[in-house]
Amino acid sequence: MDHSPASPAVLDFWCELQCPDCRSALADLRALREHYGDRLEVRLRHFPLEKHKHAYAAAQAAEEAFTQGKGWAYAEAVLGATEELASGGEPFLVRTADRLHLDSGEFDTALIDGRHLLAVDADQAEGRAIGVTGTPTYVIGGERLDGGQSQEGLRARIEEIADRLLAEG
């Protein structure tokens, strides 16, 4: 008999790390992760917007942070300081890695050698293909929820879908 836990529901969070609306989504994401624990897999998906000149580098830096095991902590730290990212650019991204005790030398190198470009580009292409036009956008159970206009009521809707998916197992 298989006693492994049911597979988690998956929430894709299409995000841009220089986006103030994404920063305001953090409280909801934290609450969802706390409420569901490992029954909900929240995946950071990159959708850097051209209007923010450091968003693309930030997405690559976040990928490096995931490689080093602290992706969410890094993404939250960068989102919590969108103004600093706007004014500080890549040196700010490297300093943030340092503050979180990550290998900042690897961040510096990753931003130069472009090792995470393909992952960021693939996310962006997939996002476009499924109709993501801005951030934050959530996708769960095949449903796309746009948080760019308003976060109002989105967490309740995500919980409703997650509960249904988990019940269906």
Side-chain angles (χ1 to χ4, degrees), residues 7-86 89-90 92-93 96 110-111 114-166:
S7 48
V10 175
L11 172 65
D12 280 335
F13 175 59
W14 296 88
C15 173
E16 200 249 63
L17 293 174
Q18 203 176 329
C19 167
D21 290 333
C22 290
R23 177 176 56 198
S24 58
L26 281 178
D28 281 346
L29 283 177
R30 279 191 204 110
L32 287 164
R33 288 206 310 256
E34 212 167 90
H35 178 74
Y36 289 100
D38 57 9
R39 294 180 307 136
L40 179 68
E41 181 188 348
V42 182
R43 298 190 304 197
L44 179 67
R45 306 299 301 274
H46 302 291
F47 202 77
L49 303 169
E50 282 182 17
K51 65 181 178 181
H52 293 134
K53 79 175 197 192
H54 301 299
Y56 201 74
Q60 293 174 68
E63 281 299 301
E64 180 58 32
F66 275 105
T67 300
Q68 294 189 31
K70 285 192 179 173
W72 276 109
Y74 186 83
E76 289 189 18
V78 172
L79 274 173
T82 52
E83 297 85 0
E84 278 181 75
L85 173 56
E90 291 187 15
F92 164 76
L93 294 169
T96 302
L111 289 169
R115 68 183 72 158
H116 300 297
L117 284 172
L118 282 175
V120 174
D121 287 347
D123 271 4
Q124 201 167 33
E126 186 183 330
R128 280 200 189 100
I130 63 167
V132 175
T133 55
T135 57
T137 297
Y138 307 87
V139 177
I140 182 169
E143 192 167 329
R144 191 178 74 238
L145 307 166
D146 181 1
Q149 303 309 310
S150 164
Q151 300 283 325
E152 191 78 29
L154 283 185
R155 189 167 103 206
R157 182 73 188 117
I158 291 167
E159 287 178 352
E160 194 180 295
I161 297 167
D163 290 343
R164 187 188 75 228
L165 292 171
L166 291 166

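Excluded from the calculations below are hydrogen atoms, water molecules and symmetry mates; all remaining heavy atoms, backbone and side chain alike, are included.
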Inset, instruction - Using a strict 4.0 Å threshold on nitrogen-to-oxygen distance, state whether Glu126 and Arg43 make a salt bridge. - result: no
Inset, instruction - Would you mind telling me which of Val42, Val139, Leu145, Ile161 makes a side-chain contact (heavy atoms from CB on, under 4.5 Å) with Leu11? - result: Val42
Inset, instruction - Verify, without hydrogens or angle tests, whether Glu16 (side chain) and Cys22 (backbone) share a donor-acceptor contact under 3.5 angstrom. - result: no
Legend entry - Contacts of type side-chain hydrogen bond (donor to acceptor under 3.5 Å, both in side chains), residue Arg155, not counting sequence neighbours: Asp28
Legend entry - Greater than 12 external heavy atoms within 6.0 Å of Arg144's CZ: no
Inset, instruction - Would you please test His54 and Glu90 for side-chain hydrogen bond (donor to acceptor under 3.5 Å, both in side chains) and show each step? - result: CA-CA 7 Å; His54 301 299; Glu90 291 187 15; over 6 Å; no
Inset, instruction - Look up atom CD in Gln124 and atom CZ in Phe47, then write down how far apart they are to the nearest 0.5 Å. - result: 5.5 Å
Inset, instruction - Provide the closest heavy-atom pair for Ala77 versus Thr96 in the form atom of the first, atom of the second, distance. - result: CB-CG2, 3.8 Å
Inset, instruction - Ignoring hydrogens and angles, state whether a donor on the side chain of Glu64 or Gln60 is under 3.5 Å from an acceptor on the partner side chain. - result: no
Inset, instruction - Can you see which heavy atom on Pro136 is nearest to which on Asp21, and at what distance? - result: CD-CB, 3.6 Å
Inset, instruction - For residues Ile140 and Leu165, determine if any side-chain heavy atom of one lies less than 4.5 Å from a side-chain heavy atom of the other. - result: yes
Legend entry - Residues Glu143, Tyr138; criterion side-chain contact (heavy atoms from CB on, under 4.5 Å); working and verdict: CA-CA 8 Å; Glu143 192 167 329; Tyr138 307 87; over 6 Å; no
Legend entry - Heavy-atom pair of closest approach, residues Ala9 and Leu166: N-CD2, 3.8 Å
Inset, instruction - With sequence neighbours excluded, tell me which residues meet side-chain hydrogen bond (donor to acceptor under 3.5 Å, both in side chains) with Gln18. - result: none
Inset, instruction - Output all residues satisfying side-chain hydrogen bond (donor to acceptor under 3.5 Å, both in side chains) with Asp121, sequence neighbours left out; order by chain, then residue number. - result: Tyr56
Inset, instruction - Would you mind checking if Glu76 and Arg23 are paired as a salt bridge, meaning a charged N to carboxylate O distance below 4.0 Å? - result: no
Inset, instruction - Can you see which heavy atom on Tyr74 is nearest to which on Ala61, and at what distance? - result: OH-CB, 3.4 Å
Inset, instruction - Would you check, one step at a time, whether the test side-chain contact (heavy atoms from CB on, under 4.5 Å) holds for Thr135 with Phe13? - result: CA-CA 9 Å; Thr135 57; Phe13 175 59; over 6 Å; no
Legend entry - Test: Arg33 cationic atom under 6.0 Å from Trp72 six-membered ring centre, within 45° of axis: yes
Inset, instruction - State plainly whether the residues Arg115 and Glu63 are in salt-bridge range, i.e. N to O under 4.0 Å. - result: no
Inset, instruction - Of all the heavy-atom pairs spanning Ala75 and Leu44, show the shortest one and how long it is. - result: CB-CD2, 3.9 Å
Legend entry - Inter-residue atom distance Tyr36.OH - Ile158.CD1, 0.5 Å rounding: 9.0 Å
Inset, instruction - Mind checking the NE2-SG spacing from His46 to Cys15? Nearest 0.5 Å is all I need. - result: 8.0 Å
Legend entry - Within-4.5 Å side-chain heavy-atom neighbours: Pro48 and Val120: yes
Legend entry - Closest non-hydrogen atom pair, Ala81 against Phe92: CB-CZ, 3.7 Å
Inset, instruction - Quick one: pull up CZ in Phe66 and NE2 in His116 and give me the separation to the nearest 0.5 Å. - result: 11.5 Å
